[in-house]
Amino acid sequence: QVQLVESGGGLVQTGGSLRLSCAASGSIVSINAMGWYRQAPGKERELVAVISSGGTTNYVDSVKGRFTISRDNAKYTMYLQMNSLKPEDTAVYYCNAKGVAIPSGAYLEVWGQGTLVTVSS
C-alpha cells in the first residue's frame, strides 16, 4: 500500500509564505511524475504544478513566479514553496503521484488527503 501525506497548510496573510510537503510511504520502487493540485470552494480541482522524476517543472500561469515545486527522489518527498500568497490561492491542496512503481511490477496513481491553505485579505 502506498500513501501520500501532505503537511504545511494553514492560515497566512496576503503576501505571506507557506511551504507544503508531501511524503510518500510504502513499498515503492520509483515514482514518475508528482504534482500539486488545488480545489477552492465551489470550483473544480486544478493542477497547480508538476515535476518529473528528472526535475522538469510546469506551473499554472496564475502561480508562475510565486510558487516553486521541488522533490527529493531519495526520500520520495515533494515540496511546494508558496510566496506572495493571495486570497485566490485559498484552497485545499492535494498531492498526486503518477507512475508509482511497486515491487509487483504494477504502476499506481496515488492521491493525498489534502491540506487546507487559507490566505486572509
Side-chain angles (χ1 to χ4, degrees):
Q1 180 115 6
V2 176
Q3 290 184 323
L4 299 178
V5 178
E6 301 103 332
S7 61
L11 174 64
V12 65
Q13 291 185 333
T14 296
S17 298
L18 283 175
R19 188 190 194 214
L20 305 183
S21 298
C22 169
S25 63
S27 298
I28 300 170
V29 175
S30 64
I31 300 177
N32 190 3
M34 299 185 76
W36 290 97
Y37 290 72
R38 66 186 180 186
Q39 187 166 19
K43 295 189 177 181
E44 294 187 352
R45 189 174 298 189
E46 67 168 349
L47 176 64
V48 176
V50 293
I51 183 168
S52 71
S53 57
T56 301
T57 60
N58 274 295
Y59 300 88
V60 67
D61 285 345
S62 60
V63 308
K64 285 181 180 177
R66 300 188 297 120
F67 291 9
T68 302
I69 189 172
S70 61
R71 64 189 281 178
D72 183 333
N73 289 333
K75 296 181 179 179
Y76 300 126
T77 302
M78 176 179 63
Y79 307 95
L80 185 68
Q81 178 65 44
M82 304 185 294
N83 299 327
S84 302
L85 283 161
K86 305 174 181 180
E88 50 264 43
D89 294 318
T90 295
V92 177
Y93 285 70
Y94 297 91
C95 172
N96 173 266
K98 290 183 171 61
V100 181
I102 58 177
S104 68
Y107 289 84
L108 308 176
E109 179 176 7
V110 186
W111 288 91
Q113 82 287 352
T115 186
L116 178 62
V117 172
T118 303
V119 185
S120 63
S121 57

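The structure presented is a predicted model; accordingly, all values stated were derived computationally and were not measured. When reading the values below, keep in mind they use all heavy atoms of this one structure, side chains included, and skip hydrogens, waters and symmetry mates.
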Asks: Looking at residues at least two apart in the chain, or sitting in another chain, which of them share a ring pair (Phe, Tyr, Trp, His ring centres under 6.0 Å) with Y37?
Replies: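 Ring pair (Phe, Tyr, Trp, His ring centres under 6.0 Å) list for Y37, sorted by chain: W111.
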
Asks: How long is the straight-line distance from CE of M34 back to CG of N73, given to the nearest 0.5 Å?
Replies: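 Here the rounded value is 8.5 Å.
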
Asks: Please find the pair of heavy atoms, one from G8 and one from L18, that lie closest to each other, and give the distance.
Replies: O-CD2, 3.8 Å

Asks: At their closest point, which heavy atom of C95 faces which heavy atom of M78, and how far apart are they?
Replies: SG-CE, 3.5 Å

Asks: Mind jotting down which residue pairs meet the salt bridge (Lys or Arg N to Asp or Glu O under 4.0 Å) criterion with at least one end in residues 8-37? Sequence neighbours excluded, please.
Replies: none

Asks: Is a side-chain donor or acceptor of E6 paired with a backbone partner of G114 at a separation under 3.5 angstrom?
Replies: yes

Asks: Quick check for you: to the nearest 0.5 Å, what is the distance between T90 atom OG1 and L116 atom CG?
Replies: 8.0 Å

Asks: Taking all atoms of both residues into account, what is the closest heavy-atom pair of S21 and Y79, and its distance?
Replies: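 Between these two residues, the closest heavy atoms are OG-CD2, 3.4 Å.
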
Asks: Got a list of side-chain donor-acceptor pairs under 3.5 Å for residues 22-32, not counting sequence neighbours?
Replies:
none

Asks: Under a 4.5 Å cut-off applied to non-hydrogen side-chain atoms, are P87 and T14 in contact?
Replies: yes

Asks: Test of understanding: clusters of I, L, V, M, F, W, Y form through side-chain heavy atoms closer than 4.5 Å, transitively. Do V119 and V92 belong to the same one?
Replies: no

Asks: Not counting sequence neighbours, which residues clear side-chain hydrogen bond (donor to acceptor under 3.5 Å, both in side chains) with Q3? List them please.
Replies: none

Asks: List, by chain and number, the other hydrophobic cluster members for L11, where Ile, Leu, Val, Met, Phe, Trp and Tyr join if side-chain heavy atoms come within less than 4.5 Å, directly or indirectly.
Replies: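 Traced through the cluster, L11 reaches no other member.
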
Asks: What side-chain donor-acceptor pairs closer than 3.5 Å can you find for residues 46-61, not counting sequence neighbours?
Replies:
{"residue": "E46", "atom": "OE2", "partner": "R38", "partner atom": "NE", "Å": "2.6"}
{"residue": "E46", "atom": "OE2", "partner": "R38", "partner atom": "NH2", "Å": "3.1"}
{"residue": "S52", "atom": "OG", "partner": "G54", "partner atom": "N", "Å": "3.3"}
{"residue": "S52", "atom": "OG", "partner": "G55", "partner atom": "N", "Å": "3.3"}
{"residue": "S52", "atom": "OG", "partner": "T56", "partner atom": "N", "Å": "3.0"}
{"residue": "Y59", "atom": "OH", "partner": "I69", "partner atom": "N", "Å": "2.9"}
{"residue": "D61", "atom": "OD1", "partner": "K64", "partner atom": "NZ", "Å": "3.0"}

Asks: Can you sort out the partners of R66 under salt bridge (charged side-chain N to carboxylate O under 4.0 Å, His left out), two or more places apart, ordered by chain and number?
Replies: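 Expected list: D89.
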
Asks: For residues 100-109, dump all side-chain donor-acceptor pairs below 3.5 Å to protein atoms at least two apart in sequence or in another chain.
Replies:
{"residue": "S104", "atom": "OG", "partner": "A106", "partner atom": "N", "Å": "3.4"}
{"residue": "E109", "atom": "OE2", "partner": "N96", "partner atom": "ND2", "Å": "3.0"}
{"residue": "E109", "atom": "OE2", "partner": "K98", "partner atom": "NZ", "Å": "3.3"}

Asks: Hydrophobic clustering (ILVMFWY, side-chain heavy atoms < 4.5 Å, transitive) - are Y94 and L80 grouped together?
Replies: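 No, L80 and Y94 fall in different hydrophobic clusters.
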
Asks: Applying salt bridge (charged side-chain N to carboxylate O under 4.0 Å, His left out), name anything that partners K86, two or more places apart in sequence or on another chain.
Replies: none

Asks: Which residues satisfy the side-chain hydrogen bond (donor to acceptor under 3.5 Å, both in side chains) test with S17, sequence neighbours excluded?
Replies: N83

Asks: Can you see which heavy atom on M82 is nearest to which on L20, and at what distance?
Replies: CE-CG, 3.7 Å

Asks: Just jot down the side-chain hydrogen bond (donor to acceptor under 3.5 Å, both in side chains) partners of R45, sequence neighbours excluded, or say none.
Replies: none

Asks: Going by the rule salt bridge (charged side-chain N to carboxylate O under 4.0 Å, His left out), which residues pair with R71 if we only count those two or more places apart in sequence or in a different chain?
Replies: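 With neighbours one apart ignored, the set is empty.
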
